[in-house]
> 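Starting off with a structure, shown below.
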Amino acid sequence: MKLLELHIYSFGKFEDFQMTTISSTIHLIYGENEAGKSTLLAFIESILFGFPARHEESYEMNHHGRFGGTLTMESNGEKIVVERTKGKASGDVTIHFPDGSTGDEENLKQLLKGMNRSSFRQIFFCNLNTLNDYHRYDEDGWNQVLYEAGMSGGTSLLAVEKAFDKRQGELFKPGGRKPLLNDELENWETLKKKTNEWAKKNGEYNRIVQNKQQLEGQVSEHTERLEHLRSERRNLDREKRVFPLLKEKRRLESHLSKLPKYKPFPEDGLIRMDKWKEQAVLLSGESESMLKRLQKMKEEMNSFDIMPEWKVFLQDVSYWNEQMVLFRARSEERKELERDLMSIESILGDELDSLGLVREDANHANTSFTAREELKQHIEDRNRSDQEYRYLNESFQSAQEELEKEESEYELLKGRLLSDSERERISNSKRPAGRQKWQGGLVICALLLFIGLGLYESWFLGIASSAIALIGAYLMTLTKENSHGSDHDLLIQDLELRRRVEQAKEQLDRLNRTYIKAAEKVDRWEAERYQIESAIKKWRSSNTFPDTIPLHSVLDSFDKITSIKKRQQNYSHKQRQLEELDYSLKVVEDGIKKVCDDTNITYYYAENAMQLLLQKADEEREAIREIEKLRDQYQSLESQLADINEKLTSCRNEMKELMSIAETDTEEAFRTKGNAQKEAKEILNQLVTIDSQVDESDLCSERISLEEIESELITVEREERSVIKKQQEVYQQLAAEQERMLLLTEDGTYEDLLLQQKQKEDEINALAWKWSVYKVASDLLVKAKARYQEERLPAVLKRAEHYFNVITEGRYTAIFPPSEGMGFRVMHSGGKAYKPSELSRGTVEQLYLCIRLALASISPIQLPIFLDDIFVNFDAKRTEKAKSFIKEFSINHQVILLTCHMDTTSGLGENIHVLERTTFSTKKVQ
């Protein structure tokens, strides 16, 4: 069966997911990790064999009610759809057949031919884990694997085998006590011991038993006589029935003796003569038809016109077609180089413009590591100088501010000191005359305000202004009078101020010295800064570094110029590459042009010319193939014609041989003798039928009439009645002896023991029979599996050897089966055999992959083979070889290849599906 389509309603991370147009050969499924490849495999397995149990991994979505999906498969050329949805434990199955009918789980099991989940995983599913499991199998393990691969339902048979062993153990075990048969045998031994004790009781009992035995002997004699009489009666009855048959037999024998001679004659001679004559006529017609076909094919082969040097032409086209792959790649590379050159040139222009330079400035600038380190040191010195300047400037500013502050305070204190005249006035206590004049002036001012404001504004404003002036005059008078009392205090304050002025003077001198020292440090910094600036200027000159670049960005500009120079070198390198590509492209174009000239094909450009050459090569190949095909057919027809002529001769010889056996010269005489032989055969068949109904004893009977038989029958019946009467009398005597025996053993113990012993023996025999049935069945199953392995294993190894030889390119030529605790061994082309443990991991995985594919190829049911990232441990060459082999293998067996490596998909065709790593997928892939 082949997988054509699938539709997931809801399963794991997939929801309403479809996959249509699945390739019937090899189909690729690519997806990153967690994209859903394992979930997709679990879905296919679940649809075929049932959903996992609840305690196992669950793929059911809680938010989606419709769990399950469908698989569309091709079986025996018909398209069927298998649908499984949520229902009972493993799900509800519906199979939709092409005629519109439906099926259930039993129909699915019939389609799968009894294969179960375990066999499916062991044969049709392959990943690194399943490959590596093979090296742990011993001979019995491979026996079971091969048995399951060749017969669907192998796991069920293994369960039956285990059940047989279990039932045998439950019935009997040597030395055991719990099994049923062991327990019954022990009970039987106990009963036998008791019975033997009762058998020794007394002589009376033995005498009765002896008498009873004599009577039983008479019963036996009478019984034998009755059997004899009854047998004789039956024989007489039989003679009475077969007497008419004997009469018919004599009549047929008389008619047979009157027939003409019919021997010798070959068995089925007439039928064989008709068959050979019919074949001879048919073969004659086929021979004439074959001759005509040969003549027509010869004319058709002569009608083809091919190039004289077609092999050289095909080699040249093949070579230049291979070169066209490089030509296209190099053309694309050339375009990419041109784009890179334009991009580099644009970037160079932008970078130079950003620096305000031209290419010559950048080329002349020294961008060595030493120059950069020197520049870096100068920049660090300048930065250090800036930092030192900030520190010195802060110190200088601080000293200057403190000095100016102290000078201001000093001047302020000096201004608060009393003058010499004030000190003298206070000491002489004299009032100055100006104060009285000042008080009188205030009174006159108040009077003038009252009169002026009252006349020109309002009298109220004049009264208020004059009142204010008078109050001020009064307060001044009070103040001056109080000041006379505080003159002594002023003198004391003046002395304190003078002391503070002296202290301020000393502080001012100290701050002035600090200010001078700070100014000297600033002067020294300026000298050092001049040296740093000179060193940077000298570095610019010695390294041809442009002066237009600001000093604060000179280091960044240095790095940019370094990058520009590297980019220019890259530009030059790509230009050289472009020239080399142009040369290589020119070589290919010239080669293709030469082939075109040799074949009279017009050359326009390489791609078009190559297409024309390939078309011409295909035409040549097609013509050559047709000629070869016709030549093969011609040879085949010649061979068939020879076979037909040989068969025709053989038919005629067979006809002559039949007439020779019958000792006849003509066909008519042969048929006459054959008809006589046919009639005789019919008579003989009737005689055989009569003989089958008549015994030899019937043939030996001397009775010549029915009356004689009936008379003897009456005599036998009379004697039979007499013997029956005597038998009844003996039975009465036997009953009396039995009664006496019962009185002797009225407790019945001995008889009970005999009965129990007999019953126990019957039970033991029944259990023994049951145990022997299980034992024989188990042995037969083991022998059947062993025989199946002997027949099936060579076929598997033969295919696996072929696959392994192809996939390893002939390095390994044979595979030997596991035996005596050893695994598989492979024969190297050098003649040495290796165990799998002596091979590389990649070679071992190739070996087990070939065995897995061989197992799948012999399976009675053909399902798709699922390969999940099996190339991980293969190198590049082995991977390509394995992919080519699997691609060829998929022509006869569908392969589904899953991978998370995009490189794996190359070279395997265009049938690829991409799975996206999303939480819920509703994508429909076609």
> Is any side-chain heavy atom of Glu15 closer than 4.5 Å to one of Ile8?
no
> Kindly assign one of parallel, tilted or perpendicular to the pair Phe11 and Phe43, based on the angle between their ring planes and the thresholds 30° and 60°.
perpendicular
> Which atom pairs, one a donor and one an acceptor, fall under 3.5 Å between side chains of residues 629-639 and the rest of the protein, sequence neighbours left out?
unit_1, atom_1, unit_2, atom_2, d
Arg631, NH1, Glu628, OE2, 2.9
Ser636, OG, Gln640, NE2, 3.2

> With a 4.5 Å heavy-atom cut-off, do Glu5 and Gln18 have their side chains touching?
no
> Using side-chain heavy atoms (C-beta onward) and a distance below 4.5 Å, is Asn321 in contact with Met610?
yes
> Before giving the answer on side chain to side chain contact (heavy atoms under 4.5 Å, CB included), spell out for Arg878 and Asn873 the whole-Å C-alpha distance, their side-chain angles and the decisive distance to 0.1 Å.
CA-CA 9 Å; Arg878 286 181 176 178; Asn873 296 316; over 6 Å; no
> Rounded to the nearest 0.5 Å, what's the gap from CG on Leu853 to CD1 on Ile123? Could you check?
12.5 Å
> Quick one: does any side-chain atom of Ser318 pair with a main-chain N or O of Gln315 as donor and acceptor, under 3.5 Å?
no
> From Phe885 CZ over to Gln846 CD, what is the distance, rounded to the nearest 0.5 angstrom?
10.5 Å
> With rounding to the nearest 0.5 Å, note down the distance linking CG in Asn127 to CG in Leu867.
9.5 Å
> Does a sphere of radius 6.0 Å around NZ in Lys647 hold more than 12 heavy atoms from other residues, nucleotides or ligands, not counting ones at 6.0 Å or beyond?
no
> Taking Glu333 first and then Arg330, would you say they form a salt bridge - that is, a charged N and a carboxylate O separated by under 4.0 Å?
no
> Determine, step by step, whether Phe67 and Phe51 satisfy the ring pair (Phe, Tyr, Trp, His ring centres under 6.0 Å) criterion, reporting the C-alpha distance in whole Å, the side-chain angles of both residues, the deciding distance to 0.1 Å, and the verdict.
CA-CA 10 Å; Phe67 178 64; Phe51 296 130; 4.7 Å; yes
> Checking the side chain of Lys883 only, and the main-chain atoms of Ser906 only, is there a donor and an acceptor separated by less than 3.5 Å?
yes
> With sequence neighbours excluded, what pairs up with Glu45 under the side-chain hydrogen bond (donor to acceptor under 3.5 Å, both in side chains) test?
Arg117, Arg121
> Run Phe327 and Ile592 through side chain to side chain contact (heavy atoms under 4.5 Å, CB included) and show every step you take.
CA-CA 11 Å; Phe327 181 85; Ile592 294 174; over 6 Å; no
> Compare every heavy atom of Ala854 with every heavy atom of Arg799, then report the nearest pair and how far apart it is.
CB-CB, 4.0 Å
> Can you see which heavy atom on Ala882 is nearest to which on Phe874, and at what distance?
CB-CE2, 3.9 Å
> Distance-only check: which donor-acceptor pairs under 3.5 Å involve side-chain atoms of residues 893-901, not counting sequence neighbours?
unit_1, atom_1, unit_2, atom_2, d
His893, ND1, Gln862, OE1, 2.7
His893, NE2, Leu863, O, 2.7
Gln894, OE1, Leu3, N, 2.7
Gln894, NE2, Leu3, O, 2.8
Gln894, NE2, Ser23, O, 2.9
Thr899, OG1, Asp869, OD1, 2.6
Thr899, OG1, His901, N, 3.0
Thr899, OG1, His901, O, 3.4

> Could you tell me the separation between the CG atom of Leu40 and the CE atom of Met19, rounded to the nearest 0.5 Å?
5.5 Å
> Is Glu838 atom CD crowded by more than 12 heavy atoms from other residues, nucleotides or ligands, each under 6.0 Å away?
yes
> Which pair of heavy atoms, one from Leu48 and one from Met73, lies closest together, and at what distance?
CD2-SD, 4.1 Å
> Would you say the side chain of Ile624 lies within less than 4.5 Å of the side chain of Leu314, judging by non-hydrogen atoms?
yes
> Do the non-hydrogen side-chain atoms of Trp320 and Leu613 ever get within less than 4.5 Å of each other?
no
> Quick one: do Cys126 and Tyr848 satisfy side chain to side chain contact (heavy atoms under 4.5 Å, CB included)? Show the steps, please.
CA-CA 10 Å; Cys126 183; Tyr848 290 150; over 6 Å; no
> Once you measure the plane-to-plane angle for His828 and Tyr834, does it fall in the parallel (<30°), tilted (30-60°) or perpendicular (>60°) bin?
perpendicular
> Could you name each residue pair satisfying ring-ring contact (aromatic ring centres under 6.0 Å, His included) that touches residues 79-115, not counting sequence neighbours?
none
> Compare all side-chain heavy atoms of Ile80 with those of Leu111 and state whether any distance is below 4.5 angstrom.
yes
> Working to the nearest 0.5 angstrom, can you tell me the gap between Leu849 CG and Ile886 CD1?
5.5 Å
> Distance from Lys37 atom NZ to Tyr30 atom OH, nearest 0.5 Å?
8.5 Å
> If you measure from the Lys or Arg side-chain nitrogens to the Asp or Glu carboxylate oxygens, is any gap between Arg328 and Glu322 under 4.0 Å?
no
> Using distance only, find each side-chain donor-acceptor pair of residues 808-816 under 3.5 Å and give its atom names and separation, not counting sequence neighbours.
unit_1, atom_1, unit_2, atom_2, d
Thr808, OG1, Phe804, O, 2.6
Arg811, NH1, Thr808, O, 3.0

> Between Tyr9 and Phe17, does the ring centroid distance fall short of 6.0 Å?
no
> Determine whether a donor-acceptor pair (N or O, by modelled atom type, separation under 3.5 Å) exists between the side chain of Arg852 and the backbone of Leu847.
no
> I need the full list of salt bridge (charged side-chain N to carboxylate O under 4.0 Å, His left out) pairs touching residues 91-111, with sequence neighbours left out, sorted by first then second residue.
Arg84-Glu105
> Tell me the closest heavy-atom pair linking Leu915 and Gly36, and the distance in Å.
CD1-C, 4.0 Å
> Considering all heavy atoms of both residues, which atom of Ile807 and which atom of Cys850 are nearest to each other, and what is their separation?
CG2-SG, 3.8 Å
> Keeping the roles fixed (side chain from Ser884, backbone from Glu880), state whether a donor-acceptor pair exists under 3.5 Å.
yes
> Do Ile891 and Ile26 touch side chain to side chain, with heavy atoms closer than 4.5 Å?
no
> With side chain to side chain contact (heavy atoms under 4.5 Å, CB included) as the test, would you mind laying out the steps for Leu614 and Val317 before giving the verdict?
CA-CA 7 Å; Leu614 288 173; Val317 172; 3.8 Å; yes
> Under a 3.5 Å threshold, yes or no: a donor from one side chain and an acceptor from the other, between Arg66 and Ser10?
no
> Hey, is Arg841 close enough to Glu845 for a salt bridge, meaning N to O under 4.0 Å?
yes
> Is it true that a side-chain atom of Thr843 and a backbone atom of Leu839 form a donor plus acceptor pair closer than 3.5 Å?
no
> Any non-hydrogen side-chain atom of Thr102 less than 4.5 Å from a side-chain atom of Ile95?
no
